[in-house]
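Here the structure comes first, spelled out in C-alpha cells, and everything after it is commentary.
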Amino acid sequence: LGFFGAVPQRGDTILYDTLIHASIKDGMRLSNAKRYSFAHNDLDSLEKRLQKGEGQVFVVVESVYSMDGDFAPLREMVALCEQYNAHLIVDEAHSTGLWGKNGAGLCCEWGIQDRVYARIHTFGKGIGAHGACIVGSKTLREYLINFSRPFIYTTSQPTHALLAIRTSYEYIANQPSLRKILFHKVDLFKKEVGESSVISDSPIQVIFFPGNEKIRSVAKSLQDRGFDVRPVMSPTVKAGSERLRVCLHVHNSDGDIVALATALKGLRGEI
C-alpha cells in the first residue's frame, strides 16, 4: 500500500506477475499509473510488456510466491529491467529470514540486491513478529517518509514490536543451524510425499486436490488425524487448482512430517 500508492505516478506503468499477492494489488489500486499483468514467471511475457511500457516502468514480483512456494527468476528479471530501464520491486515476504546473510532475503542470497529498486520485507512470516519495511535508496526512503500516506497516517510501531524484530534477526544470525534444520525438513517432506507431487523447494508445499468439496473433505480428514492443515479454495485460487498449502516449520518433528506425507498418499489413493 505504502509503496504503490506513493511512487508510481500518472503516466507511469506497473507490470505485475499474474500471481502477485493481494496486498500488492490493493496497493496498485491506490496509484494513478496504468497496470498490466504478465504470465507467471514468464520472461517472454514480461519482455513483451516492457516493450510497451510508458513513463517510468515498475515491475513487481515475489521472490518466493506465497501460494505456490516457487521462486521468481530474479537474476533474469533484473537483467531485463536494466535492459529496458525499468525498476524492479521484489516482495521478499516468504524469503525473509530463510535466505541471504542473517536472513536478508533471496535478493541478497543471489547477490542482486544493489540492482533492485525496492525490496519489501514483512516480519510476520520467518521473523515471527509483526510489521514490514521497504529497503531501497536513501532518496526512496526519504520520499516514502514524506509522501506515503499509509505510512504517514498510521500509528508507529511500538518499541516492544521493534525490539522483537531486532531480537529475531539477532537470533537468526546466532543460530545458523535453524535454516539447515528447516531445509532438511523440506527435503524430507518432498521425499516422503513423492517428488512428482511437489513443485516447490521452499517451506511452502502445495498438494493439489481439485474441487472445493474435495479439498474440504481432504483437509477435514487430516484435521481429524491431528494435522493443522487448511484448504485453499476457489475463488482464492483458480478453479481447478484447489490445494492444501503446507507450511513447514523447524518445530515440526521428522516423525510428524513422515506421518503427514503418509496420510496424504493414503488420501490420494482413496479419492
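Counting begins at 1 with the first residue of the sequence.
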Note to self: Show, in sequence, the C-alpha distance, side-chain angles and deciding distance for Asp201 and Lys190, and conclude whether the side chain to side chain contact (heavy atoms under 4.5 Å, CB included) test is met.
What the structure shows: CA-CA 8 Å; Asp201 291 319; Lys190 290 170 60 178; 2.3 Å; yes

Margin query: Test your reading of the model: is there a side-chain donor-acceptor pair from Thr154 to the backbone of Phe151, 3.5 Å cut-off?
Written below: no

Note to self: Is the distance from the ring center of His21 to that of Tyr65 below 6.0 Å?
What the structure shows: no

Margin query: Using the side chain to side chain donor-acceptor pair (under 3.5 Å) definition, which of the options Arg119, Lys125, His121 pairs with Thr96?
Written below: His121

Note to self: Taking Asp224 first and then Lys220, would you say they form a salt bridge - that is, a charged N and a carboxylate O separated by under 4.0 Å?
What the structure shows: yes

Margin query: Please tell me whether Ser95 and Glu92 have a donor and an acceptor in their side chains that are separated by less than 3.5 angstrom.
Written below: yes

Next item on the list: Start with the C-alpha gap between Asp17 and Glu62, add the side-chain angles, then the distance that decides, and say whether side chain to side chain contact (heavy atoms under 4.5 Å, CB included) holds.
Entry: CA-CA 8 Å; Asp17 189 289; Glu62 297 179 49; over 6 Å; no

Checklist line | Worked check of side chain to side chain contact (heavy atoms under 4.5 Å, CB included) between Asp26 and Leu1 | finding: CA-CA 7 Å; Asp26 290 341; Leu1 291 175; 3.9 Å; yes

Check: Which distance, rounded to the nearest 0.5 Å, do you find between the CZ of Phe71 and the CH2 of Trp110?
Finding: 6.5 Å

Notebook entry, point to check: Quick check: does any side chain N or O of Ser31 sit under 3.5 Å from a backbone N or O of Pro8, one acting as donor and the other as acceptor?
Noted result: yes

Next item on the list: With rounding to the nearest 0.5 Å, note down the distance linking CG in Leu163 to CD in Gln157.
Entry: 11.0 Å

Note to self: Check this for me: Tyr171, atom OH, are more than 12 non-hydrogen atoms of other residues, nucleotides or ligands nearer than 6.0 Å?
What the structure shows: no

Next item on the list: Given side chain to side chain contact (heavy atoms under 4.5 Å, CB included), test Asp70 with Val64 step by step and report yes or no.
Entry: CA-CA 6 Å; Asp70 56 339; Val64 180; over 6 Å; no

Notebook entry, point to check: With side chains defined as the heavy atoms from C-beta onward, is the minimum distance between Ile181 and Gln175 less than 4.5 Å?
Noted result: no

Notebook entry, point to check: When the ring planes of His87 and Tyr117 are compared, do they come out parallel, tilted or perpendicular, using 30° and 60° as the limits?
Noted result: tilted

Check: Any side-chain heavy atom of Ile14 within less than 4.5 Å of one from Val59?
Finding: no

Check: Taking the side chain as C-beta and beyond, is there a heavy-atom pair between Val61 and Met77 under 4.5 Å?
Finding: yes

Note to self: Could you report the tightest heavy-atom contact between Leu98 and Pro203, atom names first, then the distance?
What the structure shows: CD1-CG, 3.7 Å

Check: Does a salt bridge link Asp12 with Lys34, judged by any charged N lying under 4.0 Å from a carboxylate O?
Finding: no

Check: Are Tyr169 and Leu162 grouped together when hydrophobic residues (ILVMFWY) are joined by side-chain heavy atoms under 4.5 angstrom apart?
Finding: no

Margin query: Are Ile257 and Phe183 linked, directly or through intermediate hydrophobic residues, by side-chain heavy-atom contacts shorter than 4.5 Å (ILVMFWY only)?
Written below: yes

Checklist line | Asn85 (side chain) donor-acceptor with Cys81 (main chain) under 3.5 angstrom | finding: no

Next item on the list: Look at the side chain of Asn174 and the backbone N and O of Glu170, then say whether any donor-acceptor pair between them is shorter than 3.5 Å.
Entry: yes

Notebook entry, point to check: Any luck finding a side-chain donor-acceptor pair between Ser202 and Ser200 under 3.5 Å?
Noted result: yes

Note to self: Is there a side-chain contact between Lys101 and Glu109 in this structure, where contact means two heavy atoms from C-beta onward sitting under 4.5 Å apart?
What the structure shows: no

Note to self: Can you list everything that forms a ring-ring contact (aromatic ring centres under 6.0 Å, His included) with His184? Sequence neighbours excluded, please.
What the structure shows: none

Check: Do NZ/NE/NH1/NH2 and the carboxylate oxygens of Arg115 and Glu82 come within less than 4.0 Å?
Finding: yes

Item checked: Smallest separation among heavy atoms of Ser234 and Glu242, with atom names -> OG-OE2, 3.0 Å

Checklist line | Nearest non-hydrogen partners of Arg225 and Ala263, listed with the distance | finding: NH1-CB, 3.6 Å

Item checked: Within-4.5 Å side-chain heavy-atom neighbours: Leu264 and Phe189 -> yes

Check: Which value, rounded to the nearest 0.5 Å, describes the distance between Asp91 atom CG and Thr122 atom OG1?
Finding: 6.5 Å

Checklist line | Test item: Arg149 side-chain N/O and Gly5 main-chain N/O as donor-acceptor pair under 3.5 Å | finding: no

Margin query: I'd like to know whether CZ of Arg216 has more than 12 heavy-atom contacts from other residues, nucleotides or ligands below 6.0 angstrom.
Written below: yes

Notebook entry, point to check: Taking atom OG of Ser45 and atom CG of Leu50, what is their separation to the nearest 0.5 Å?
Noted result: 9.5 Å

Next item on the list: Look only at the side chain of Thr13 and the backbone of Val57, and say whether a donor-acceptor pair between them is shorter than 3.5 Å.
Entry: no

Item checked: Separation of His40 NE2 from Ile20 CD1 (nearest 0.5 Å) -> 9.5 Å

Check: Which pair of non-hydrogen atoms, one from Lys214 and one from Pro210, has the smallest distance, and what is that distance?
Finding: CD-O, 3.4 Å

Check: Would a distance-only check, ignoring hydrogens and angles, find a side-chain to backbone donor-acceptor pair under 3.5 Å from Ser217 to Glu213?
Finding: no

Notebook entry, point to check: Any side-chain heavy-atom pair from Leu248 and Gln205 closer than 4.5 angstrom?
Noted result: yes

Margin query: I'd like to know if Ile89 and Tyr143 are part of one continuous hydrophobic network [Ile/Leu/Val/Met/Phe/Trp/Tyr, side-chain heavy atoms within less than 4.5 Å].
Written below: yes

Note to self: Would you say Leu140 ends up clustered with Ile120 if hydrophobic residues are merged whenever their side chains have heavy atoms under 4.5 Å apart, either directly or through other cluster members?
What the structure shows: yes

Checklist line | Rounded distance [0.5 Å steps], CG in Asp44 versus CG in Leu80 | finding: 9.0 Å

Item checked: Where Phe147 and Ile152 come nearest, the two heavy atoms and their spacing -> N-CD1, 3.8 Å

Next item on the list: Taking the side chain as every heavy atom from C-beta outward, state whether Leu74 and Ser63 have any pair of such atoms under 4.5 Å apart.
Entry: yes

Note to self: Testing the basics here: between Ile127 and Phe123, what is the closest heavy-atom pair and its distance to 0.1 Å?
What the structure shows: CB-O, 3.5 Å

Notebook entry, point to check: Taking C-beta and beyond as the side chain, do Arg35 and Lys25 meet within less than 4.5 Å on heavy atoms?
Noted result: no

Notebook entry, point to check: Going by an N to O cut-off under 4.0 Å, is there a salt bridge joining Arg243 and Asp68?
Noted result: yes

Item checked: Met233-Ile207 co-clustered via ILVMFWY side chain contacts under 4.5 Å -> yes

